Amino acid sequence: MSDPIRVLVTGAAGQIAYSLLYSIAKGDVFGKDQPLILVLLDIPPMLPVLEGVVMELQDCALPLLREVIPTDQEEVAFKDLDAAILVGSMPRKEGMERKDLLKANVAIFKSQGAALDKYAKKTVKVLVVGNPANTNCLIAAKSAPSIPKENFSCLTRLDHNRARSQVAMRVGVPADKVKNVIIWGNHSSTQYPDIHHAKVNVQGKEVAAFDAVKDDCWIKGDFISTVQQRGAAVIKARKLSSAMSAAKAICDHMRDIWFGTPEGEYVSMGVYSNGNSYGVPDDLIYSFPVMIKDKSWKIMEGLEINDFSRGKMDATAAELVEERDTAVSFLGV
């Protein structure tokens with residue numbers, strides 16, 4: 001067996017982490033023959049809860065899990081990391097303005113970015129989940145200048161999976177028969193779920209998603225709004241935010257980084273926008289279709305963008321530019 005890798009999960013006493021940690025520890029993400037050390041970071045008031053999570057992980061008696069390290073100290077949490085999954089963030093509280101939320105999260109992700117810079121391996125792969133995920137990811141990357149910007153990504157795989165599932169249910173096929181849906185932009189209600197380039201395998205034959213669905217009004221209307229608003233719909237129903245599906249998306253995202261995407265398929269990830277061919281402004285973390293090989297992602301280039309898509313892509317970019325500019329103004333504070 002290979003040497004254990006060190007994997008950090010922040011917000012580790014929270015509900016997403018509770019759905020996530022077992023999957024990581026049993027080998028669903030980094031491989032069935034890859035031992036690992038799990039490092040669990042949370043804030044001091046959550047440490048008693050974290051002890052319970054540690055006990056449960058021990059009680060799973062998982063052969064790949066070599067050690068579990070619970071901590072509230074960044075210098076412990078970020079040391080020698082191979083992978084960092086940053087789930088913890090400041091949630092929006094009632095009456096809180098968006099800029100106050102951004103300010104609180106800039107402080108968190110500036111500090112965690114600096115800790116990555118100081119303590120983690122330079123090859124560390126960083127996935128930001130805590131919202132506003134795109135901008136939090138950008139702040140972490142800017143605060144870790146010695147780690148390549150390409151090593152940072154944010155989670156839009158949950159939106160991607162939601163879009164894939166909506167199409168599959170509409171057509172009446174399993175979700176794995178739908179490929180190459182795209183989430184463009186921000187992980188917010190301005191995101192653009194796009195199936196212009198998606199394919200559906202119907203009875204062994206691969207057809208364009210538009211031809212499989214046969215309902216342009218749904219594709220340009222309810223489909224988009226359902227995916228955009230799905231997080232809010234789950235909160236309304238459960239009185240809690242998405243956890244099981246978020247954890248599954250995190251596993252999908254990190255497994256694809258580790259092992260690559262299948263030939264001819266791309267997935268959605270929030271990545272650095274610099275040098276893209278789709279007219280998205282530089283210096284954003286923006287969700288693009290990407291292909292991954294040897295732990296490096298590449299934006300899928302050359303996809304045709306019609307006027308409908310262009311408008312949606314520009315709207316979500318504008319929101320990200322505004323978020324970035326507000327967040328960066330807090331960086332010096």
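Just the heavy atoms: all of them, side chains too, but no hydrogens, waters or symmetry mates, feed the values below. Keep in mind that this is a model prediction, so the values were computed, not measured. Note that the numbering runs from 1 along the sequence shown for the chain.
Dense packing is recorded around CE of Met169, with more than 12 heavy atoms of other residues, nucleotides or ligands lying under 6.0 Å away.
Residues Tyr278 and Trp184 place their aromatic rings such that the two centres sit under 6.0 Å apart.
No salt bridge links Asp194 with Lys312; every basic N to acidic carboxylate O contact stays at or beyond 4.0 Å. Salt-bridge formation is not detected for the pair Arg310/Asp307: no Lys NZ or Arg NE/NH1/NH2 atom is positioned less than 4.0 Å from an Asp or Glu carboxylate oxygen. A salt bridge is defined here as a Lys NZ or Arg NE, NH1 or NH2 lying under 4.0 Å from an Asp or Glu carboxylate O, and Lys214 with Asp211 fails to meet this definition. Of the charged side-chain nitrogens involved, at least one lies within less than 4.0 Å of a carboxylate oxygen, so that Lys142 and Asp283 count as a salt-bridged pair. Using a 4.0 Å cut-off between a side-chain N of Lys or Arg and a carboxylate O of Asp or Glu, Lys220 and Asp216 do not qualify as a salt bridge.
Applying the side-chain hydrogen bond (donor to acceptor under 3.5 Å, both in side chains) test to pairs two or more places apart or on separate chains, those with a residue in residues 66-92 are Glu74-Ser111, Asp82-Lys121.
Side chains of Pro193 and Phe223 form a contact here, defined as non-hydrogen atoms less than 4.5 Å apart. Under the 4.5 Å side-chain criterion, counting only non-hydrogen atoms from C-beta, His187 is not in contact with Leu155.
Side-chain atoms of Ser268 come within 3.5 Å of backbone N or O of Ile183 as a donor-acceptor pair. Proximity of a side-chain donor or acceptor of Arg164 to a complementary backbone N or O of Ala175 within less than 3.5 Å is detected.
Closest heavy-atom contact between Met90 and Asn105: N-OD1, 2.9 Å.
Side-chain contact annotation: Thr226 with Gln166, donor-acceptor N/O pair under 3.5 Å absent.
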Task: Audit row: Gln112, Thr10, side chain to side chain donor-acceptor pair (under 3.5 Å) steps and yes/no - done: CA-CA 10 Å; Gln112 293 189 351; Thr10 73; 4.5 Å; no
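Judged by the 6.0 Å and 45° rule, Lys125 forms no cation-pi pair with Trp258.
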